[in-house]
Amino acid sequence: MRERAWVHSHKAVLTIPTVFSLSDEQYASDSFKFIRQLFDCLYHERVVDLLIDYQKCQRIDIDAQVYMDVLLREFIQYYKSCDRLRIKRHVQTIVPINYKEDQIAKVLFSVGGMRLFSKLDIHFSDVIPLPLQIGNRKNRRSTESRDLEITRIVDYVVASLRDVGRELTENAETQLYKVVGEALINASEHATTNYRYAVGYFQKQVQDADVLGTLQLVIMNFGDTIYQKFKDLRCPNKVAVRQMEHLSETYTRRSLFKAAKFEEETLWTLYALQEGVTSHKEWRRGNGSIRFIQSFFGLKGDMACDSESKMTILSGSARIIFDGTYQIVNQEVERNGKPVKHKIMPFNSTNSLHDSPDNKFVKFVADHFPGTMLSARICIKPENTAPID
């Protein structure tokens, strides 16, 4: 049954879930359901006045908020173009209500919809925002534009730490430039739409001296998923595709695929994240995802599991969660007829991509993300950075 908003006298009230998050699996289904309701209202223009109610919301993760904000942004731009062309439109107002809860207001007014659409820029003493960054791969100076995006994101992380009296080591900052750059390049080159998005949110910890704060960072694009990119007959890296197909044959023969739990899409998405794997013909391009994960966990100092830090990759119906339970390992693989060592994370005790990964961390999910989203939440501690001289 299609979810619908409560509608009365041309007015609809959509209620944000108690926890609005795409990366937190416990709440992701309700969050995707809300976004489908929102899209239904906007696309079919069933109402005149749309109210987005935050009264029941207790926590917002910026991955869900930015997904909703980008959706709203596109529809608002469409509505404005209708007005310029004098085309009649049904939806007249989109208004958030009941967002007085302190933590909710901080997200909305620092990086969320209220900052984007109301033009209000409210500063909070314990929050350092990185507002929505939009990159366009069709920009005639796309490389220069991307370099500026990379610099803004790295400068944002550096400034956030500086605000609490700490800094990255020179080597860590250099590595951060590399991996953020790789993530943005992947978001641009692997997308089938023009735009990529990034947003950040650093909440300083003012009560616990053992924790500097929590950093949230989201980078995403829309279009083909990772699986669709490799499944496309036009995929340039035929060798990588053949390896994935061979792996699928192995899983099929061993009956390792489970419908609606672990499907070929899940396996290919996991394989594509390993170092050295790319949809590009040039193998050296495939070095981003594992290094990105390793470096961001390096911000908290180690790859150990804790209750706060994790990274989630959503692509299509594949969900992969990194929280330190499984570690990156070195494995020898063949590239162009020669053995080379690469970093991989198979998510199992055998450290082999030929064996099933742990279903708690690598799984097929019913909710489909139309592109790829990387969402990181990292608890940063003083001992894992250097004091400012």
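With hydrogens and angles left out, the side-chain atoms of Gln133 and Arg152 include a donor and acceptor closer than 3.5 Å. Gln228 and Asp232 share no donor-acceptor pair across their side chains, judged by distance under 3.5 Å alone. At a cut-off of 3.5 Å, with distance as the only test, a side-chain donor of Thr372 or Ser315 sits close to an acceptor on the other residue.
Applying the ring-ring contact (aromatic ring centres under 6.0 Å, His included) criterion to Phe361, with sequence neighbours excluded, gives Tyr326. For Lys106, the side-chain hydrogen bond (donor to acceptor under 3.5 Å, both in side chains) partners two or more places apart in sequence, or in a different chain, are Asp102, Asp126. The side-chain hydrogen bond (donor to acceptor under 3.5 Å, both in side chains) test applied to Ser375 returns Asp63, not counting sequence neighbours. With sequence neighbours excluded, no residue forms a side-chain hydrogen bond (donor to acceptor under 3.5 Å, both in side chains) with Gln58. Scanning for ring-ring contact (aromatic ring centres under 6.0 Å, His included) contacts around Phe124 gives an empty result, with sequence neighbours left out. Applying the side-chain hydrogen bond (donor to acceptor under 3.5 Å, both in side chains) rule to Tyr227 yields the partners Glu264; only residues at least two apart in sequence or on another chain are considered. Residues satisfying the ring-ring contact (aromatic ring centres under 6.0 Å, His included) test with Tyr156, not counting sequence neighbours, are none. For Phe202, the ring-ring contact (aromatic ring centres under 6.0 Å, His included) test picks out no residue, with sequence neighbours left out.
Taking a 4.5 Å side-chain heavy-atom cut-off between Ile, Leu, Val, Met, Phe, Trp and Tyr, the cluster of Ile87 extends to Leu85.
Rounding to the nearest 0.5 angstrom, the gap separating the CG atom in Leu273 from the CD1 atom in Ile320 is 4.5 Å.
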Quick one: do Met373 and Leu22 satisfy side-chain contact (heavy atoms from CB on, under 4.5 Å)? Show the steps, please.
-> CA-CA 10 Å; Met373 172 185 284; Leu22 302 184; 4.0 Å; yes

Step-by-step ring-ring contact (aromatic ring centres under 6.0 Å, His included) determination, Tyr251 to Phe257 = CA-CA 6 Å; Tyr251 272 64; Phe257 287 132; 5.6 Å; yes

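Taking the ring centroids of Phe20 and Phe34, they lie under the 6.0 Å cut-off.
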Sequence neighbours excluded and cut-off under 3.5 Å, please list the side-chain donor-acceptor pairs for residues 92-100, or say none.
from, atom 1, to, atom 2, distance (Å)
Gln92, NE2, Arg89, O, 3.0
Thr93, OG1, Asp49, OD1, 2.6
Asn98, ND2, Asp53, OD1, 2.9

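For residues 45-71, every residue pair satisfying the ring pair (Phe, Tyr, Trp, His ring centres under 6.0 Å) rule, not counting sequence neighbours, is listed here: Tyr67-Phe222, Tyr67-Phe369. The stretch residues 69-93 participates, sequence neighbours left out, in these ring pair (Phe, Tyr, Trp, His ring centres under 6.0 Å) pairs: Phe39-Phe75.
Here the shortest heavy-atom pairing between Met345 and Ile328 reads CE-CG1, 3.3 Å.
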